[in-house]
> 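Quick one: this structure, given as structure tokens, is what I'll be asking you about.
Just so we're clear, the structure is a prediction, and the values are computed from it rather than from any experiment. Chain letters run A, B, ... following the sequence lines, proteins first and then strands; every chain starts at 1.
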Number of protein chains: 2
Amino acid sequence: MWMAKMPGSGAGGEDKPGEVDRGELEHTLRRVVQRVGRPRTATAFLEESLRSAIVAGDIPGGTALRQEAVAEIFGVSRMPVREAIRQLEAQGLVEFQPHKGAVVAAISARDAADNWAIRKALECAALEYSIPGLTEQDIMRGEEGIAEMDDETDFSRLGLLNRRFHMTLYARAQFPGMLQLIEKHLIASDRYIRFQLAALGRDKMAQDDHRAILTAAGKGDAGRACRLLASHIEDAGRRLVAWLKTREG
Amino acid sequence: MWMAKMPGSGAGGEDKPGEVDRGELEHTLRRVVQRVGRPRTATAFLEESLRSAIVAGDIPGGTALRQEAVAEIFGVSRMPVREAIRQLEAQGLVEFQPHKGAVVAAISARDAADNWAIRKALECAALEYSIPGLTEQDIMRGEEGIAEMDDETDFSRLGLLNRRFHMTLYARAQFPGMLQLIEKHLIASDRYIRFQLAALGRDKMAQDDHRAILTAAGKGDAGRACRLLASHIEDAGRRLVAWLKTREG
DNA sequence: CAATCACATATTGGATCCAATGTACATGTG
DNA sequence: CACATGTACATTGGATCCAATATGTGATTG
């Protein structure tokens, strides 16, 4: 059984400068293992775990993912690690170079700008498609989501709640692939949001935006709702990118 | 062996600009080979080949991709096949089930509607970002592209030219990730366009659309260009989806 | 002394083998 | 006869081994 022999083998923690701290990576990954549970294949399990750890910021950008190290930590061979890393590369979470290996994609102002521009385009379109189909129940769920966010103090859950709120707005759009693409980019933006939250604290204005958007959507006023959503995303993106640029420079 | 080795590839490979005469030949050779698309790894080679074959319609939707069979055809082991299939799955070109295998994603009206909705949202946004930066040279290149499409009779090249034309329109948007996403969906839509072309023949109206969009973009009239592009994509999508639905039902 | 080359080492890419899983078909039982 | 079960086969998942490639270090040579 591939998960049985987790502990024991990799205890010797040698930390060379400029490389991954094996002990720390091992520790965080083990925590993630608990959270994710065990799916049908080792590859899927690794993919879930690594993605979760990356978007949660547990593995910082720039970290090299050595196949052998990851394999030992999870108690599997290098092969499922390779396949999982391939998948993560296609999802843009790691950068990969043949014969050199994979590193966790670094957080950058450029990527953030990209992500927010894409989100703005897709989410506004999805909202427009979704509004005619929104039910009162959807609106109620949105209000509950906003209230939950008001009460939430844990930054890591805040990202999840924010994502869920946005997705409820678009839930009635007829395009499942579009929704999947949006969710993927919302997950990616979680990394950035959490980064900013940790440094600047939470942003009260976002909640006002959320309320206004939901109200407009509830009235079926697609034009107003889309304009509000556009500036909601654009403002957040602009603030984030500006802050990241000061950090980079 | 599945590919020829590069001559002299073992050397240090540092390219010093200026006087070093020796390494220049090697360097230029390497660049040429790279532009032509020399695959660095078997996995990359398989991914390219399979994607090209799927997009071109050489492998029809629904076809099961047996790892062993593909491996034999390409003269490699199953492992690079597995990794390539993983990548294709992440790109949405094949559907994958654990322990069952991969099948080429089927063409469906539903997926087409999804693809066109996503493209409309993303391409309109990209055009708006790009227009302020468009140069006269870009416009000229667009005109050349339109002319090339007028003359082209080969359907498979027509898709490439159409894609290139669209991408020139968006080339000046500062969001590389957005452009990459658009190109990915343009490639996916090639499958559908080719399908339709083969059945219905080519669509003359699209060329009029292209000219009108390019003219508006050349004048810097972003509003008009975006409206035209939106209806260009929407019309084509609607016609395609309607046609696919009659085929399915 | 600088540049280059040769060699050692670490890491990934690919091949082959074995195990696990799913499917099809035959067989037994109500 | 319908349905459950067991078994054989096909196919994929994972482990281990070997080969190819990149990188770092020290010797050599001009």
Side-chain angles (χ1 to χ4, degrees), chain A residues 1-6 9 12 14-20 22 25 38-48 63-89 94-103, chain B residues 1-23 26 30 33-34 38-48 63-89 94-103:
Chain A
M1 192 61 77
W2 53 268
M3 217 172 88
K5 53 156 184 167
M6 284 268 292
S9 52
E14 51 177 293
D15 60 326
K16 284 188 257 182
E19 287 216 347
V20 198
R22 263 295 300 279
L25 182 64
R38 185 198 160 177
R40 294 184 295 283
T41 66
T43 300
F45 173 66
L46 285 171
E47 193 207 324
E48 282 291 311
T63 306
L65 292 178
R66 303 275 168 237
Q67 298 177 359
E68 183 73 38
V70 176
E72 262 185 43
I73 291 168
F74 282 90
V76 297
S77 82
R78 271 176 42 219
M79 172 138 355
V81 177
R82 281 160 63 173
E83 296 194 358
I85 285 178
R86 288 272 175 192
Q87 303 255 95
L88 295 175
E89 192 226 356
V94 307
E95 281 160 14
F96 191 83
Q97 280 185 295
H99 293 108
K100 288 192 61 180
V103 299
Chain B
M1 212 52 182
W2 56 272
M3 86 183 174
K5 290 189 71 164
M6 274 296 291
S9 58
E14 215 82 20
D15 62 335
K16 275 266 201 159
E19 38 227 335
V20 182
D21 192 34
R22 187 190 61 83
E26 178 185 348
R30 197 173 292 199
V33 170
Q34 197 163 13
R38 168 192 172 227
R40 303 237 268 272
T41 65
T43 300
F45 173 65
L46 285 172
E47 194 207 325
E48 283 292 315
T63 306
L65 292 178
R66 301 279 167 231
Q67 297 176 359
E68 183 72 38
V70 176
E72 264 184 42
I73 291 170
F74 283 90
V76 297
S77 82
R78 267 176 47 216
M79 173 139 352
V81 177
R82 278 159 67 173
E83 296 194 358
I85 285 178
R86 289 273 177 194
Q87 303 256 92
L88 296 176
E89 192 225 357
V94 307
E95 282 159 13
F96 191 82
Q97 280 184 296
H99 292 107
K100 286 192 61 178
V103 299

> Between B/R82 and B/Q67, is there a side-chain donor-acceptor contact under 3.5 Å, judged purely by atom types and distance?
no
> Among A/E89, A/E47, A/E83, which one satisfies side-chain hydrogen bond (donor to acceptor under 3.5 Å, both in side chains) with B/R86?
A/E83
> Below 4.0 angstrom from OP1 or OP2 of D/dT12, is there any side-chain N or O of A/T41?
no
> What is the distance, rounded to the nearest whole Å, between atom CD of A/Q67 and atom P of D/dT21?
16 Å
> Grab the CD-P distance between A/E72 and C/dT11 for me, whole Å please.
11 Å
> Return the nearest nucleotide to the side chain of A/K100; candidates are C/dA15, C/dT12, D/dA22.
D/dA22
> Expressed in angstrom and rounded to an integer, what is the separation of B/M79 atom CE from C/dT12 atom P?
15 Å
> Without decimals, in angstroms, what is the distance between A/E83 CD and D/dG13 P?
7 Å
> Where the side chain of B/R82 is concerned, which of D/dG14, C/dT21, C/dG14 is the nearest nucleotide?
D/dG14
> Give the C-alpha distance, both sets of side-chain angles, the deciding distance and a yes or no for side-chain contact (heavy atoms from CB on, under 4.5 Å) between A/I85 and A/F96.
CA-CA 8 Å; A/I85 285 178; A/F96 191 83; 3.9 Å; yes
> Strictly below 4.0 Å: does A/T43 bring a side-chain N or O up to OP1 or OP2 of D/dG13?
no
> Using whole Å, report how far CD of B/E68 lies from C1' of C/dC18.
14 Å
> Heavy atoms only: give me the nearest B/L46-B/A84 pair and the separation to one decimal.
CB-CB, 3.9 Å
> Regarding B/L65, tell me which of base, sugar-phosphate or nothing describes its non-hydrogen contacts under 4.0 Å with the strands shown.
sugar-phosphate
> Counting the atoms with a prime plus P, OP1 and OP2 as sugar-phosphate, which does B/R78 contact under 4.0 Å by heavy atoms, base, sugar-phosphate, or nothing?
base
> Once you round it to whole Å, what is the distance between P of C/dT9 and CZ of A/R66?
18 Å
> Provide, to the nearest angstrom, the distance between the CZ atom belonging to A/F45 and the P atom belonging to D/dG14.
12 Å
> Select one nucleotide: of D/dG13, D/dA15, D/dT21, the one nearest the side-chain heavy atoms of A/P80.
D/dA15
> For A/Q97 and C/dG13, give me the distance from atom CD to atom C1', rounded to whole Å.
15 Å
> Any side-chain heavy atom of B/T41 within less than 4.5 Å of one from A/H99?
yes
